[in-house]
Amino acid sequence: MDAQRALLDELMGSARNLTEDERRGFKEVKWDDKEVCAYYMVRFCPHDLFVNTRSDLGPCSKIHEAKLKESFEKSPRHDSYVPKFEAELAHFCEKLVMDLDKKVRRGRERLAQEVEVPPPPPISAEKSEQLSVLEEKIKNLLEQVESLGEAGKVDEAEALMRKVEMLNVEKTALTQQSQQNSALMIAPEKKMALCETCGSFLVANDAAERTQSHVTGKQHVGYGMVRDFLSEYKAAKEKAREEERLAREKEAEERKKLREKEHDSRRRRSDSSDRDKHKDRDHDRERDHYRGRDRDPDRSLDRNGRGGRDFDRGSGWKHGTSRNGRNRSRERYWERVRSRSRSPIRHGSKRSRSPVHKY
């Protein structure tokens, strides 16, 4: 019946039986509405796993519809909603497993306790009275045997000893019978085992059919699904964190290489700039040197040893000659210097690094 109703809902819509007035106020349910079970959409709803078992969670308060689940799986927003729905389901399942683990721990403690053997039940009053009578007879006969032995009546003493032996056999038989009856009254206790998956107690070394029946039961299968989902979810989260960590390390390494590359590039540019500055400085210094020579011929003469006071090669005058002769020699020298300064060829050869003026 439910399958037919679901088929009709899929073909004609869930509002097929509503009147026109009812359809005006009808709101079609979508998979992303709050009334729809997110657990059922993404994987399974834990409320459906333990129906009619000791772990029954009761009916789910939200909507479970196969049509909505199919719509969710075909939706373009499916991949963006799956992590959110899985996180909600994992949170709910973790609570279930925490409660179950507490139950399992209590079960282990219960099995770990030593089973105390109950004391044997007391012997009945009738048996106890019979044993007392036999012990009294044996005691009296032993006293008589001792007296006859002292009197030298060996045959009579041996006859009484045979009676004592018979009474001891009767006493032993009575005691063993009482012990056997007590053993029959103690029922043998079965050894129990604990299922680590669902926390149920089982009979150890039970028949294979009963064990198989437990393994395929709703409670065992349900908790198995919950535990498997949690393991898978945690493994996926751990893998995602590891991939994110490796991506961060790779990005940091790339940033480091980029910084080193930029640093090397800046260093090379700085070295090149320093070399250019040194070249410009040398060029300026050399240019100033040549310009200074052209502007101050007296200094040039002094540096080259020409026109000094000690010796004048052009005129041949030495120190101590007359002032008029020195003045004439100096005038002739300056005429030669001026003539060389005005010559374009010689001027250009001396100032090779300065711009050449065209006349």
Side-chain angles (χ1 to χ4, degrees), residues 27-50 55 57 60-105 196-199 220-283:
K27 178 185 176 183
E28 186 178 0
V29 179
K30 298 181 180 180
W31 61 264
D32 56 348
D33 290 342
K34 295 182 178 180
E35 296 82 6
V36 179
C37 180
Y39 309 154
Y40 178 78
M41 291 292 105
V42 70
R43 287 295 185 91
F44 56 85
C45 180
H47 293 83
D48 297 339
L49 301 179
F50 309 107
S55 302
L57 301 176
C60 183
S61 59
K62 296 188 177 182
I63 300 174
H64 293 189
E65 284 189 11
K67 182 180 177 181
L68 294 175
K69 187 169 186 177
E70 183 179 357
S71 176
F72 168 68
E73 292 174 352
K74 294 180 180 179
S75 173
R77 295 182 294 163
H78 173 270
D79 294 341
S80 61
Y81 271 78
V82 165
K84 176 185 176 183
F85 289 170
E86 285 187 345
E88 294 177 1
L89 177 58
H91 183 69
F92 187 85
C93 290
E94 282 180 351
K95 291 182 178 179
L96 290 179
V97 172
M98 287 177 60
D99 294 338
L100 179 61
D101 288 342
K102 292 179 181 178
K103 179 181 177 182
V104 171
R105 284 195 297 269
E196 297 290 338
T197 301
C198 63
H220 186 89
V221 173
Y223 278 116
M225 290 179 62
V226 170
R227 291 183 183 274
D228 291 343
F229 166 72
L230 280 179
S231 300
E232 180 183 347
Y233 178 77
K234 291 179 180 179
K237 294 289 287 184
E238 185 65 26
K239 182 179 179 181
R241 283 194 293 268
E242 182 66 17
E243 291 177 353
E244 184 179 357
R245 183 185 66 81
L246 294 176
R248 287 198 303 269
E249 291 180 355
K250 184 178 179 180
E251 184 179 357
E253 186 67 22
E254 291 177 354
R255 287 199 300 267
K256 181 180 178 182
K257 290 181 180 179
L258 182 60
R259 287 195 299 269
E260 292 177 353
K261 186 176 179 180
E262 292 177 352
H263 177 71
D264 293 341
S265 178
R266 286 196 299 269
R267 184 172 55 81
R268 286 194 295 269
R269 288 198 300 268
S270 177
D271 294 343
S272 177
S273 177
D274 292 342
R275 286 194 297 270
D276 293 342
K277 288 180 180 179
H278 287 305
K279 288 181 181 180
D280 293 341
R281 192 179 298 114
D282 294 340
H283 177 73

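Bear in mind the structure is a predicted one, so any value in this text is a computation, not a measurement.
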Next on the checklist: Give me the atom names and distance for the closest heavy-atom approach of Pro46 to Phe50.
Outcome noted: O-CD1, 3.5 Å
Item to check | Heavy-atom pair with the smallest gap, counting every atom of Ala38 and Glu88 | outcome: CB-OE1, 3.6 Å
Next on the checklist: Is there a side-chain contact between Val29 and Glu65 in this structure, where contact means two heavy atoms from C-beta onward sitting under 4.5 Å apart?
Outcome noted: no
Checklist entry - Rounded to the nearest 0.5 Å, how far apart are CZ of Phe85 and NE2 of His78? => result 9.5 Å
Next on the checklist: Between Arg245 and Glu242 (salt bridge meaning N to carboxylate O under 4.0 Å), is one present in this structure?
Outcome noted: yes
Checklist entry - Parallel under 30°, tilted from 30 to 60°, perpendicular over 60°: which one fits the rings of His64 and Tyr40? => result parallel
Checklist entry - Is any side-chain heavy atom of Asp264 closer than 4.5 Å to a side-chain heavy atom of Arg267? => result yes
Item to check | Trp31 and Tyr81 aromatic ring geometry - parallel, tilted or perpendicular at 30°/60° bounds | outcome: perpendicular
Item to check | Heavy-atom check, side chain of Arg105 versus side chain of Lys102, under 4.5 Å | outcome: yes
Checklist entry - From Glu238 CD over to Glu243 CD, what is the distance, rounded to the nearest 0.5 angstrom? => result 11.0 Å
Checklist outcome for this item: Minimal heavy-atom distance between Lys62 and Val36, with the atoms involved, is CD-O, 3.8 Å
Checklist entry - If you measure from the Lys or Arg side-chain nitrogens to the Asp or Glu carboxylate oxygens, is any gap between Lys67 and Glu70 under 4.0 Å? => result no
Next on the checklist: Using side chain to side chain contact (heavy atoms under 4.5 Å, CB included), reason through Leu57 and Leu96 one step at a time and then give a plain yes or no.
Outcome noted: CA-CA 10 Å; Leu57 301 176; Leu96 290 179; 4.0 Å; yes
Checklist outcome for this item: Taken to the nearest 0.5 Å, the spacing of Cys37 SG from His47 NE2 works out to 8.0 Å
Checklist entry - Counting only N and O atoms by type, is there a donor-acceptor contact under 3.5 Å from the side chain of Ser231 to the main-chain atoms of Arg227? => result yes
Checklist entry - Should Met41 and Lys69 count as side-chain neighbours, where that means a heavy-atom distance under 4.5 Å? => result yes
Item to check | Heavy-atom check, side chain of Lys257 versus side chain of Glu253, under 4.5 Å | outcome: yes
Checklist entry - Do the non-hydrogen side-chain atoms of Phe72 and Val82 ever get within less than 4.5 Å of each other? => result yes
Checklist outcome for this item: Rounded to the nearest 0.5 Å, the OG atom of Ser55 sits from the OH atom of Tyr223 at a distance of 3.5 Å
Checklist entry - Measuring from Lys234:NZ to Arg241:CZ, what's the distance to the nearest 0.5 Å? => result 10.5 Å
Item to check | Expected output: side-chain Asp33 to main-chain Lys30 donor-acceptor under 3.5 Å | outcome: yes
Checklist entry - Name the one of Phe229, Tyr233, Tyr39 that satisfies side chain to side chain contact (heavy atoms under 4.5 Å, CB included) with Cys93? => result Phe229
Item to check | Distance, nearest 0.5 Å, that separates NZ of Lys261 from CD of Glu254 | outcome: 12.0 Å
Next on the checklist: Take a 6.0 Å sphere around NZ of Lys237 and say whether it holds more than 12 heavy atoms from other residues, nucleotides or ligands.
Outcome noted: no
Checklist entry - If you measure from the Lys or Arg side-chain nitrogens to the Asp or Glu carboxylate oxygens, is any gap between Glu251 and Arg255 under 4.0 Å? => result yes
